[in-house]
Novice: 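Here it is, the structure, as structure tokens.
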Protein chains: 2
Amino acid sequence: MAKDVQRRRDLIAATVREIGETGTLNVTVGQIARRAGVSPGLAFHYFGDKEALFLASMRSILRDYGRGVAAALRAAGRDPRARLAAIVRASFADNQFEGGAVAAWLNFYVLAQTSEEARRLLTLYHRRLHSNLAHDLRPLVGARTDAVAARLAGQIDGTYLRFALNRRVVDAEPAADQVLATLAEALGDGTA
Amino acid sequence: MAKDVQRRRDLIAATVREIGETGTLNVTVGQIARRAGVSPGLAFHYFGDKEALFLASMRSILRDYGRGVAAALRAAGRDPRARLAAIVRASFADNQFEGGAVAAWLNFYVLAQTSEEARRLLTLYHRRLHSNLAHDLRPLVGARTDAVAARLAGQIDGTYLRFALNRRVVDAEPAADQVLATLAEALGDGTA
DNA sequence: GTGACTATTGATTGACGGGTCAATTAATCC
DNA sequence: GGATTAATTGACCCGTCAATCAATAGTCAC
């Protein structure tokens with residue numbers, strides 16, 4: 001692979017890990033560079049400034065998530081219920097929790113308070129999640145599609161917040177089940 | 001009122017507003033002090049250090065929320081359904097969105113990544129919300145109480161995240177309705 | 001009024017971190 | 001294997017900020 005591409009990747013990975021471990025955006029470029037095994041100056045050479053590095057890390061995480069969902073959907077076939085379950089399961093897949101990704105995720109919401117681009121990226125993620133859910137909800141719940149999709153999406157994000165708070169206490173498996181339970185009820189699958 | 005008490009209040013209010021407006025914990029003591037109409041040194045006189053000021057602000061916000069819920073419950077009487085609705089409505093009451101409280105809320109999750117006390121406070125909030133919900137869910141859904149309570153709580157927090165992202169786009173009224181819709185379904189109120 | 005104590009100020013300190021840049025090293029080409 | 005270009009370093013500059021502290025203003029008891 002081209003050296004510069006690899007360098008960028010290393011720096012982005014180091015950024016995510018550093019944010020993840022410290023739980024903060026208060027991370028120095030020096031720390032990130034050291035973790036990537038590189039001098040501080042190089043980070044500026046490749047990304048221009050610190051915010052650009054943060055944004056690149058954000059895009060990377062969102063892309064990973066998007067890929068995870070896409071793969072899960074491909075594996076799920078055509079049945080709407082199976083596809084919905086696949087989206088939820090992919091949202092809580094193990095790799096979403098590696099390398100401090102959750103804490104990074106949380107901090108990206110903070111970044112979005114000051115960075116228009118960060119806000120745009122998160123809004124895009126929201127839209128995609130909503131539209132993914134809506135696509136397979138529509139044949140099942142018709143007019144209630146948007147409302148149900150919003151509810152599921154909200155619950156997924158809320159669960160992530162809990163993860164951010166109790167790094168170890170919450171477990172991915174039951175978290176997914178919990179969202180699926182909401183889905184089952186919305187579909188009227190006789191749990192009431 | 002005693003002068004020192006008033007000063008503390010002013011400084012705490014200024015802290016919340018400053019965090020709320022900038023959307024970040026990257027707020028200088030100088031900014032906070034200026035907003036409170038006071039010199040920087042005084043903030044240290046009353047709170048010792050910056051983190052203590054942050055924690056005091058956090059306690060203040062959580063206390064306000066707690067009071068809002070308690071008042072709503074008192075007004076709601078004894079009917080479990082009415083009480084549950086009251087909790088949800090209180091969670092999205094207007095005063096929860098004043099003075100940058102939502103952005104502050106979000107940043108407290110970030111603070112909890114590095115401050116044990118902040119984590120403790122947020123965990124306490126989670127527990128109280130859960131137990132409030134569970135208390136009135138139990139007569140309605142029995143064994144499913146904890147699961148349903150967790151779902152509702154997760155959805156409330158998730159909705160707050162949306163608020164944090166789109167300060168104006170999301171509206172409190174429909175947000176509350178959305179959570180109440182989840183509740184209605186969990187109660188089997190024939191929406192499916 | 002005087003003295004003793006507290007509240008308050010704001011200048012100052014010292015550490016820290018983003019970003020720059022001249023110098024060095026590595027890679028590439030002819 | 002020299003010449004040219006690109007990658008990389010790390011010391012340095014400059015602004016910022018938490019925290020301190022000496023000095024002043026205010027308050028109250030007597």
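All figures in this text were calculated on a predicted structure; none of them were measured in a lab. Below, chain A is the first sequence line, B the second, and so on; all start at residue 1.
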Novice: Going by heavy atoms in the side chains, are A/L140 and A/L84 under 4.5 Å from each other?
Specialist: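 Yes, close enough: below the 4.5 Å cut-off.
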
Novice: Verify whether the ring centers belonging to A/F92 and A/Y160 lie closer than 6.0 Å.
Specialist: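 Yes: the rings meet the under 6.0 Å criterion.
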
Novice: Are any of the side-chain heavy atoms of A/W105 and A/F97 separated by less than 4.5 Å?
Specialist: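 No, their side chains stay 4.5 Å or more apart.
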
Novice: So with a 6.0 Å cut-off around CZ of B/R83, is the heavy-atom count from everything else above 12?
Specialist: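 For B/R83, atom CZ is crowded (more than 12 foreign heavy atoms under 6.0 Å).
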
Novice: Check the distance between C/dT25's C1' and A/R7's CZ and give it to me in whole angstrom.
Specialist: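 Roughly 13 Å, once rounded to whole Å.
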
Novice: Give the residues of residues 41-58 of chain A touching DNA chain D, defined as any heavy atom closer than 4.0 Å, sorted by residue number.
Specialist: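 Contacting residues: A/G41, A/L42, A/H45, A/Y46.
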
Novice: Mind calculating the distance between CG (B/L11) and P (C/dA7) to the nearest angstrom?
Specialist: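 My rounded result for the distance is 13 Å.
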
Novice: Using nucleotides 25-28 of chain D, report all nitrogen or oxygen pairs with the protein that are shorter than 3.5 Å.
Specialist:
none

Novice: Counting heavy atoms not belonging to B/H135, are there more than 12 under 6.0 Å from its NE2?
Specialist: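 No.
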
Novice: To the nearest angstrom, how far is B/R34 atom CZ from C/dT9 atom C1'?
Specialist: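 It works out to 15 Å between those atoms.
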
Novice: Can you tell me the distance, in whole Å, between the CG atom of A/D10 and the C1' atom of D/dT8?
Specialist: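 In whole Å, D/dT8 C1' lies 14 Å from A/D10 CG.
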
Novice: Nearest-Å distance, CG (B/N26) to P (D/dA18)?
Specialist: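 After rounding, the reported distance stands at 9 Å.
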
Novice: Are there more than 12 heavy atoms of other residues, nucleotides or ligands under 6.0 Å from atom CZ of B/R89?
Specialist: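 Correct, the count exceeds 12.
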
Novice: If you draw a 6.0 Å radius around CZ in A/R127, do more than 12 non-hydrogen atoms from other residues or ligands fall strictly inside?
Specialist: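 Open.
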
Novice: When you compare the side chains of B/H126 and B/D157, does any donor N or O come within less than 3.5 Å of an acceptor on the partner?
Specialist: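 Per modelled atom types, B/H126 and B/D157 side chains form a pair under 3.5 Å.
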
Novice: From D/dG10, D/dA18, C/dT9, pick the nucleotide closest to the side chain of B/T28?
Specialist: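 Nucleotide nearest to B/T28's side chain: D/dA18.
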
